[in-house]
Chemist: 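So that we are looking at the same thing, I have put the structure below in structure tokens.
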Amino acid sequence: MKQALVKLLEKSIQAGIDKGFLPPVAPSHIEVELTKDPGHGDYASNVAMILASQVRKNPREIAKILSAEIEDRDGVLEKVEIAGPGFLNFFIREGGLARLLETVDRQGEQYGSSNLGQGRRVQIEFVSANPTGPLHIGHARGAVVGDVMANILEAVGYRVFREYYINDAGNQMNNLGKSLLLRYRELLGGTAEFPEGCYRGDYIRELASELLKRDGDRHLHEKPEELIPLFTDYAAGAILEGIKEDLLIFGCVFDLYFSERELYREDGVGKLLRELEEKDFVYREGEALWFRTTAFGDEKDRVVVRQNGDPTYFAADIAYHRNKFQRGFETVIDIWGADHHGYIPRMSAAVQALGYEKDALKVILVQLVNLLREGKPVAMSTRSGEFVTLREVVDEVGKDAARYNFLMRRSDSHLDFDLELAKKQSSENPVYYVQYAHARICSILRIAAERGHAVPAFAGADLSLLQLPEEIELVKGITRFPEVLEGAARTLEPHRLTFYLNDLAALFHSYYNKNKVISEDGALTGARLFLSRSVLTILKNALKILGVSAPEKM
RNA sequence: GGGCGAUUAGCUCAGUUGGAUAGAGCGCUGGUCUCCGGAACCAGAGGCCGUGGGUUCAAGUCCCACAUCGCCUACCA
């Protein structure tokens with residue numbers, strides 16, 4: 001419909017030019033939008049005002065010319081009005097909008113999908129928590145944002161690859177091994193003094209007793225130098241398995257867990273550094289090797305090889321990102337904690353230095369989650385190992401409520417997550433609001449079938465009977481779905497989907513409370529069932545993208 | 001000190017990239033069940049969009065300055 005109106009406008013502009021009413025002009029693009037106020041018609045365009053500065057005429061005058069030149073051959077328009085400073089308001093003929101439901105009926109589960117991405121390959125890296133401890137609540141938000149973003153991109157036609165970068169190299173890993181060894185010795189009667197940087201969470205203690213059960217005390221007699229790597233591998237392996245399991249339960253499935261160690265094993269970092277040296281992107285100063293990131297907009301150059309000869313985390317990360325592009329991804333999306341925002345210019349600089357477009361790397365920042373219980377903050381401290389794990393949250397409030405709640409804000413704004421609220425089965429909990437609408441429609445369809453009303457086929461439904469303002473609003477809401485998905489994909493803002501769903505559910509709840517879907521009037525019942533099932537299709541499709549279940553009964 | 005981000009209803013936040021009378025949830029006040037699901041709905045009160053300038057037909061949205069708050073500012077990862 002929107003496209004059709006844009007075409008009509010394009011033609012009318014051309015006609016205006018041909019007849020000499022307008023100088024030869026070409027607006028960059030013609031905007032047609034659904035109106036918020038029924039008094040403004042169904043669709044509106046601001047072209048006349050956009051053209052005003054070029055044409056050097058009063059916008060209302062231009063609008064007048066355009067509306068006179070509109071040739072509505074298919075007869076979809078009731079009328080076109082000029083309003084306000086120069087808006088063109090389109091009123092669609094009665095029943096014209098409802099015909100848009102045909103697409104929903106025809107596409108079913110595919111409705112909302114598009115080919116915006118044209119099959120282009122996108123890699124999306126998220127969570128990527130160090131395997132030094134279980135995932136906690138902070139990781140959960142990044143996991144949902146990444147997973148849903150990936151689903152959205154898939155829906156609009158991208159080929160998406162989901163990846164988790166395992167930070168399994170570096171000092172922290174040694175500290176992990178050391179921590180496990182200390183706990184292991186402690187179990188055998190030793191005393192544990194934890195140096196700086198060690199992990200003292202209970203999960204280490206559990207790993208130690210499992211190891212003791214498996215191997216007995218034989219490690220006690222081996223040399224510490226040989227022991228640490230062994231303990232490190234054991235701990236990292238076990239923790240990573242736990243992470244994968246937690247993510248699976250949370251509904252996040254990855255195509256690849258990419259190991260940093262693997263990167264070193266195949267000399268990815270070494271190759272990268274040699275290449276940077278050849279291209280003169282690095283220089284030596286004070287025994288360290290520096291990357292000229294300032295050449296690409298960073299505020300200072302960054303060290304890639306330390307004085308002691310070890311590459312920095314940044315060096316490995318550059319090598320990893322190059323690896324991504326070498327695998328043929330056109331766009332690479334990283335999801336980071338917002339506290340890493342200062343890292344963006346340097347990574348962007350590196351990507352550009354490697355010869356890729358600046359836009360090829362996109363970063364979504366995810367702000368902190370304030371975990372609350374009954375409005376009061378839950379104390380957490382990573383260092384002491386006291387934190388609420390992702391697993392605990394999912395066990396307590398459920399996957400659906402957790403996932404939905406994490407998408408109730410823009411990802412880059414702070415989010416309060418209240419455990420008690422997320423468990424409540426009430427209107428305070430938005431996930432139920434949407435799921436309830438879904439269950440309610442299922443129930444209506446069930447009862448209708450019992451009473452002998454089947455949902456008619458499109459050809460057999462008289463949708464022109466859908467004339468109530470609420471019905472028109474519902475139809476408009478339904479037709480917005482593909483645009484919402486595309487907008488979320490374009491801006492990388494998954495929260496748009498939850499806001500849209502709340503709106504649509506509200507429209508339906510309101511409609512339901514005011515009107516009977518099933519009545520004595522067979523034709524009207526058929527039309528309303530058709531409309532209701534269209535809403536159901538959207539709810540189902542959208543919830544699937546969110547990774548939230550769509551229950552038929554609650 | 002420098003950089004980034006924020007500031008919208010009592011609270012928590014949206015605001016579709018510059019459009020018409022700024023929205024939602026919670027909270028508050030008062031209503032709706034002879035009924036297809038009350039986990040729902042309806043009505044009402046509540047606003048100097050941090051402050052001051054600028055850009056234009058049009059600014060919550062773009063530019064500049066200031067104020068307040070948060071984050072970053074490692075040869076850690």
Side-chain angles (χ1 to χ4, degrees), chain A residues 31 33-37 39-40 44 46 48-50 52-53 58-60 83-87 89 130 132 167 169-173 197 260 286-290 299-300 302-314 316-317 337-345 365 367-368 375 408-410 412-416 418 421 424-433 435-437 439-448 450-451 453 480 483-484 486-488 490-491 493 495-496 499-500 502-503 505-506 508-519 525 528-529 532 553-554:
Chain A
E31 209 168 288
E33 286 190 327
L34 280 169
T35 55
K36 291 168 208 157
D37 182 346
H40 298 151
N46 61 355
M49 290 176 293
I50 301 285
S53 59
N58 184 317
R60 286 189 69 104
F87 285 100
N89 290 339
N130 302 344
T132 54
N167 245 209
N171 278 333
Q172 47 172 358
M173 285 293 118
E260 184 183 359
E287 297 294 304
L289 194 65
W290 297 72
E299 60 181 15
K300 59 175 280 202
R302 309 289 172 176
V303 171
V304 282
V305 178
R306 293 196 285 262
Q307 227 169 53
N308 66 8
D310 289 344
T312 57
Y313 173 84
F314 180 45
D317 213 13
D339 53 341
H340 288 69
H341 70 263
Y343 198 78
I344 295 176
L365 294 176
Q367 260 297 359
L368 293 177
M408 289 300 296
R409 300 273 176 274
R410 298 175 57 96
D412 58 358
S413 89
H414 285 275
L415 170 74
D416 289 340
D418 194 305
L421 207 66
K424 268 191 199 164
Q425 302 193 350
S426 77
S427 56
E428 292 168 75
N429 195 346
V431 67
Y432 290 110
Y433 188 76
Q435 287 182 321
Y436 186 71
R440 178 174 254 175
I441 296 172
C442 287
S443 170
I444 293 169
L445 295 180
R446 244 184 342 255
I447 287 165
E450 281 167 20
R451 298 187 189 171
H453 299 284
R480 276 179 57 214
E483 297 163 29
V484 170
E486 290 194 6
R490 206 180 55 246
T491 56
E493 293 177 348
H495 74 279
R496 290 190 185 200
F499 279 90
Y500 166 75
N502 274 303
D503 284 350
F508 187 80
H509 285 311
S510 173
Y511 173 58
Y512 171 90
N513 272 280
K514 221 155 145 190
N515 305 285
K516 300 283 291 179
V517 173
I518 303 167
S519 65
T525 301
R528 288 182 171 176
L529 284 174
S532 300
K553 288 181 181 172
M554 294 173 68

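Chain identifiers are assigned alphabetically (A, B, ...) following the order of the sequence lines, protein sequences preceding nucleic acid strands; residue numbering begins at 1 within each chain.
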Chemist: Sort out the partner of B/G5 for me: Watson-Crick or G-U wobble, both distances under 3.5 Å, none otherwise.
Modeler: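 B/C69 is the nucleotide pairing with B/G5.
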
Chemist: Expressed as a whole number of angstroms, how long is the span from A/L365:CG to B/C71:P?
Modeler: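 Rounded to the whole Å, the gap is 15 Å.
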
Chemist: For A/A439, which contact category applies under a 4.0 Å heavy-atom criterion: base, sugar-phosphate, or nothing?
Modeler: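 If one applies the 4.0 Å heavy-atom cut-off, A/A439 turns out to touch a base.
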
Chemist: Can you tell me the distance, in whole Å, between the CZ atom of A/R490 and the P atom of B/U17?
Modeler: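 Answer to the nearest Å: 7 Å.
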
Chemist: Applying a 3.5 Å limit to both distances, which nucleotide forms a Watson-Crick or G-U wobble pair with B/A39?
Modeler: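 WC or wobble partner does not exist here.
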
Chemist: Of all the choices, B/A20, B/A40, B/G19, which nucleotide is nearest to the side chain of A/I50 once you look at every atom?
Modeler: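 The closest nucleotide is B/G19.
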
Chemist: So what does A/A52 hit on the nucleic acid, given a heavy-atom distance under 4.0 Å: a base, only sugar-phosphate, or nothing?
Modeler: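 The answer is nothing, as A/A52 stays clear of every strand by at least 4.0 Å.
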
Chemist: Please state the C1' separation for the pair B/G60 and B/G18 - nearest whole angstrom.
Modeler: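 My reading of the C1' atoms in B/G60 and B/G18 gives 11 Å.
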
Chemist: Stacking between B/A14 and A/H495, yes or no? Criterion: centroid separation under 5.5 angstrom, plane angle under 30 degrees.
Modeler: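 Per 5.5 Å and 30° rule: no stacking.
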
Chemist: Separation of A/R480 atom CZ from B/U16 atom P, in whole Å?
Modeler: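 Going from A/R480 (CZ) to B/U16 (P), I get 12 Å.
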
Chemist: Would you call A/D416 and A/R409 a side-chain contact if the rule is heavy atoms closer than 4.5 Å?
Modeler: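 Sidechains of A/R409 and A/D416: no contact.
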
Chemist: Is any side-chain heavy atom of A/P311 closer than 4.5 Å to a side-chain heavy atom of A/V304?
Modeler: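 No, their side chains stay 4.5 Å or more apart.
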
Chemist: Distance check, P atoms only: B/U73 and B/A22, in whole angstrom units.
Modeler: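 Each nucleotide's P atom is 42 Å from the other's.
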
Chemist: Taking only side-chain nitrogens and oxygens of A/K300, does any of them come within less than 4.0 Å of OP1 or OP2 of B/U73?
Modeler: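 Looking at the OP1 and OP2 atoms of B/U73, neither is under 4.0 Å from any side-chain N or O of A/K300.
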
Chemist: Ignoring backbone atoms, establish whether A/T35 has a side-chain N or O less than 4.0 Å from OP1 or OP2 of B/A20.
Modeler: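 False: A/T35 side-chain N/O out of range (4.0 Å or more) of B/A20 OP1/OP2.
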
Chemist: Roughly how many Å apart are B/A20 and B/C35, using the P atom of each and rounding to a whole number?
Modeler: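 Going atom to atom, P in each nucleotide, I get 44 Å.
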
Chemist: Between atom CZ in A/R410 and atom P in B/G25, what is the gap in whole Å?
Modeler: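 These atoms are roughly 21 Å apart.
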
Chemist: Please report the closest heavy-atom contact between A/V303 and A/F314, naming both atoms and the distance.
Modeler: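 Scanning both residues, the minimum pair turns out to be O-CD2, 4.2 Å.
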
Chemist: Side chain of A/E493, heavy atoms from C-beta onward: which of B/G38, B/G15, B/A40 has the nearest atom to it?
Modeler: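 Nearest listed nucleotide: B/G15.
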
Chemist: Is B/G27 paired to anything, Watson-Crick or G-U wobble with both distances less than 3.5 Å, and if yes, which nucleotide?
Modeler: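 Paired with no nucleotide.
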
Chemist: Base, sugar-phosphate, or nothing: which does A/I447 touch, judged by heavy atoms less than 4.0 Å apart?
Modeler: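 Sugar-phosphate only.
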
Chemist: Please give the nucleotide sitting opposite B/A59 as a Watson-Crick or G-U wobble pair, both distances under 3.5 Å, or none.
Modeler: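 Pairing partner: none.
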
Chemist: Give A/Q307 one of three labels, base, sugar-phosphate or nothing, depending on what nucleic acid heavy atoms sit under 4.0 Å from its own.
Modeler: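 Base, at least one base atom sits under 4.0 Å.
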
Chemist: Looking at B/C36, B/A40, B/C75, which one has an atom nearest to any side-chain atom of A/Y436?
Modeler: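 Of all the options, the side chain of A/Y436 is nearest to B/A40.
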
Chemist: Could you check whether A/A448 gets within reach of a base, just the sugar-phosphate, or nothing at all, counting any heavy atom under 4.0 Å?
Modeler: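 The answer is nothing, as A/A448 stays clear of every strand by at least 4.0 Å.
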
Chemist: Any base atoms under 4.0 Å from A/R302, or only sugar-phosphate, or nothing? Heavy atoms, all strands.
Modeler: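 Here A/R302 touches no strand at all.
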
Chemist: Picking from B/G19, B/C72, B/C42, which would you name as closest to the side chain of A/D339?
Modeler: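 Closest nucleotide among those given: B/C72.
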
Chemist: Provide, to the nearest angstrom, the distance between the CG atom belonging to A/N171 and the P atom belonging to B/C75.
Modeler: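 Distance check: A/N171 CG to B/C75 P gives 15 Å.
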
Chemist: Could you measure the distance from the CE atom of A/M408 to the CG atom of A/N429? Nearest 0.5 Å is fine.
Modeler: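 Rounded to the nearest 0.5 Å, the CE-CG separation comes to 9.0 Å.
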
Chemist: Please determine, for the side chain of A/S413, which listed nucleotide (B/U12, B/U21, B/A14) has the closest atom?
Modeler: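 My answer, after comparing the listed nucleotides, is B/A14.
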
Chemist: Please determine whether side chain to side chain donor-acceptor pair (under 3.5 Å) holds for the pair A/Q172 and A/N130, giving the CA-CA distance in whole Å, both sets of side-chain angles, and the decisive distance to 0.1 Å.
Modeler: CA-CA 9 Å; A/Q172 47 172 358; A/N130 302 344; 2.6 Å; yes

Chemist: Answer yes or no: is there an ion pair linking A/R496 with A/E493, defined by an N-O contact shorter than 4.0 Å?
Modeler: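 Yes.
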
Chemist: Does the side chain of A/H453 come within less than 4.5 Å of A/R528's, by heavy atoms?
Modeler: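 A side-chain contact is absent here, since even the closest heavy-atom pair is not under 4.5 Å.
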
Chemist: Does the side chain of A/D310 reach to within under 4.5 Å of the side chain of A/V305, using non-hydrogen atoms?
Modeler: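 They are not in side-chain contact.
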
Chemist: With a non-hydrogen cut-off below 4.0 angstrom, is A/Y343 in contact with a base, only sugar-phosphate, or nothing?
Modeler: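 The residue A/Y343 makes base contact.
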
Chemist: Considering only the C1' atoms, how many Å lie between B/C69 and B/U51, rounded to the nearest integer?
Modeler: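 B/C69 and B/U51 have their C1' atoms separated by 15 Å.
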
Chemist: CG of A/D418 versus P of B/G27: gap in Å, rounded?
Modeler: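 The distance from CG of A/D418 to P of B/G27 comes to 13 Å, rounded to the nearest Å.
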
Chemist: Would you mind classifying the nucleic acid contact of A/A83 as base, sugar-phosphate or nothing, using non-hydrogen atoms under 4.0 angstrom?
Modeler: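 Contact class for A/A83: base.
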
Chemist: Just checking A/G86: base, sugar-phosphate only, or nothing, at a heavy-atom cut-off of under 4.0 Å?
Modeler: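 No contact at all - A/G86 keeps every heavy atom at 4.0 Å or more from the nucleic acid.
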
Chemist: Can you tell me how far P in B/U12 sits from the matching atom in B/U7, rounded to whole Å?
Modeler: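 It comes out at 12 Å once rounded to the nearest Å.
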
Chemist: In terms of base orientation, is B/U17 syn or anti, with the syn window spanning 90° either side of 0?
Modeler: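 Chi for B/U17 falls in the syn range.
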
Chemist: Which nucleotide in the set B/A77, B/A39, B/A20 lies at the smallest distance from any side-chain heavy atom of A/F87?
Modeler: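 Of the candidates, B/A20 comes closest.
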
Chemist: Taking OP1 and OP2 of B/C36, is either one under 4.0 Å from a side-chain nitrogen or oxygen of A/Y511?
Modeler: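 Result: no.
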
Chemist: Report the distance from atom CG of A/D37 to atom C1' of B/A22, rounded to the nearest whole Å.
Modeler: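 Roughly 14 Å, once rounded to whole Å.
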
Chemist: Of the options B/A14, B/G37, B/A77, whose atoms approach the side-chain atoms of A/K553 most closely?
Modeler: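 The answer is B/G37, which lies nearest to the side chain.
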
Chemist: If you find the nucleotide of RNA chain B closest to A/Q172 and the one closest to A/H414, which residue's nucleotide is nearer the 5' end?
Modeler: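 Residue closer to the 5' terminus by nearest nucleotide: A/H414.
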
Chemist: If pairing requires Watson-Crick or G-U wobble contacts with both distances under 3.5 Å, which nucleotide is the partner of B/U21?
Modeler: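 By the stated definition (distances under 3.5 Å), nothing pairs with B/U21.
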
Chemist: Base, sugar-phosphate or nothing for A/P59? Non-hydrogen atoms, less than 4.0 Å.
Modeler: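 No contact at all - A/P59 keeps every heavy atom at 4.0 Å or more from the nucleic acid.
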
Chemist: Can you figure out which of B/U17, B/G37, B/U12 approaches the side chain of A/R409 most closely?
Modeler: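 Within the option list, the nearest is B/U12.
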
Chemist: Over all strands shown, is A/S443 touching base, sugar-phosphate only, or nothing at heavy-atom distances under 4.0 angstrom?
Modeler: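 Base, at least one base atom sits under 4.0 Å.
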
Chemist: Picking from B/C36, B/U16, B/C13, which would you name as closest to the side chain of A/R496?
Modeler: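 Selected nucleotide: B/U16.
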
Chemist: Across all strands, who's sitting opposite B/A74 as a Watson-Crick or G-U wobble pair, both distances under 3.5 Å?
Modeler: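 Paired with no nucleotide.
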
Chemist: With sugar-phosphate meaning primed atoms plus P, OP1 and OP2, does A/K514 contact a base, only sugar-phosphate, or nothing at under 4.0 Å between heavy atoms?
Modeler: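 No contact.
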
Chemist: Taking the nucleotide of RNA chain B with the closest heavy atom to each, which residue, A/A505 or A/G84, is nearer the 5' end?
Modeler: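 First, find each residue's nearest nucleotide; the 5'-ward one identifies A/G84.
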
Chemist: Tabulate protein N/O versus nucleotide N/O from nucleotides 1-11 of chain B, keeping only pairs under 3.5 Å, one per line.
Modeler:
from: B/G3; atom 1: N2; to: A/H341; atom 2: NE2; distance (Å): 3.2

Chemist: Given B/A77, B/C41, B/A20, which nucleotide is nearest the side-chain atoms of A/N89?
Modeler: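 Selected nucleotide: B/A20.
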
Chemist: State, to 0.1 Å, how close A/P59 and A/P85 come at their nearest heavy-atom pair, and which atoms those are.
Modeler: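 Nearest pair, atom of A/P59 first, then A/P85: CB-O, 3.3 Å.
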
Chemist: Taking any heavy-atom pair under 4.0 Å as a contact, classify A/N46: base, sugar-phosphate, or nothing.
Modeler: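 Base contact.
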
Chemist: If you measure only the distance, is there a donor-acceptor pair under 3.5 Å linking the side chains of A/R302 and A/Y343?
Modeler: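 Per modelled atom types, A/R302 and A/Y343 side chains form no pair under 3.5 Å.
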
Chemist: Are A/Y512 and the base of B/C36 stacked, counting only ring centres nearer than 5.5 Å and planes tilted under 30°?
Modeler: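 Whether judged by distance or by angle, A/Y512 passes, so it stacks on the base of B/C36.
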
Chemist: Could you tell me the separation between the CD1 atom of A/I441 and the C1' atom of B/A40, rounded to a whole number of Å?
Modeler: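 Those two atoms, CD1 and C1', are 13 Å apart.
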
Chemist: Can you confirm whether A/I444 sits close enough to A/I518 that some side-chain heavy atom of one is under 4.5 Å from a side-chain heavy atom of the other?
Modeler: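 SC-SC contact between A/I444 and A/I518 confirmed.
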
Chemist: For the residue pair A/R440 and A/F508, would you count it as a cation-pi contact if the rule is NZ or CZ under 6.0 angstrom from the ring centre and within 45 degrees of the ring axis?
Modeler: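 Pair A/R440/A/F508 does not count as cation-pi.
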
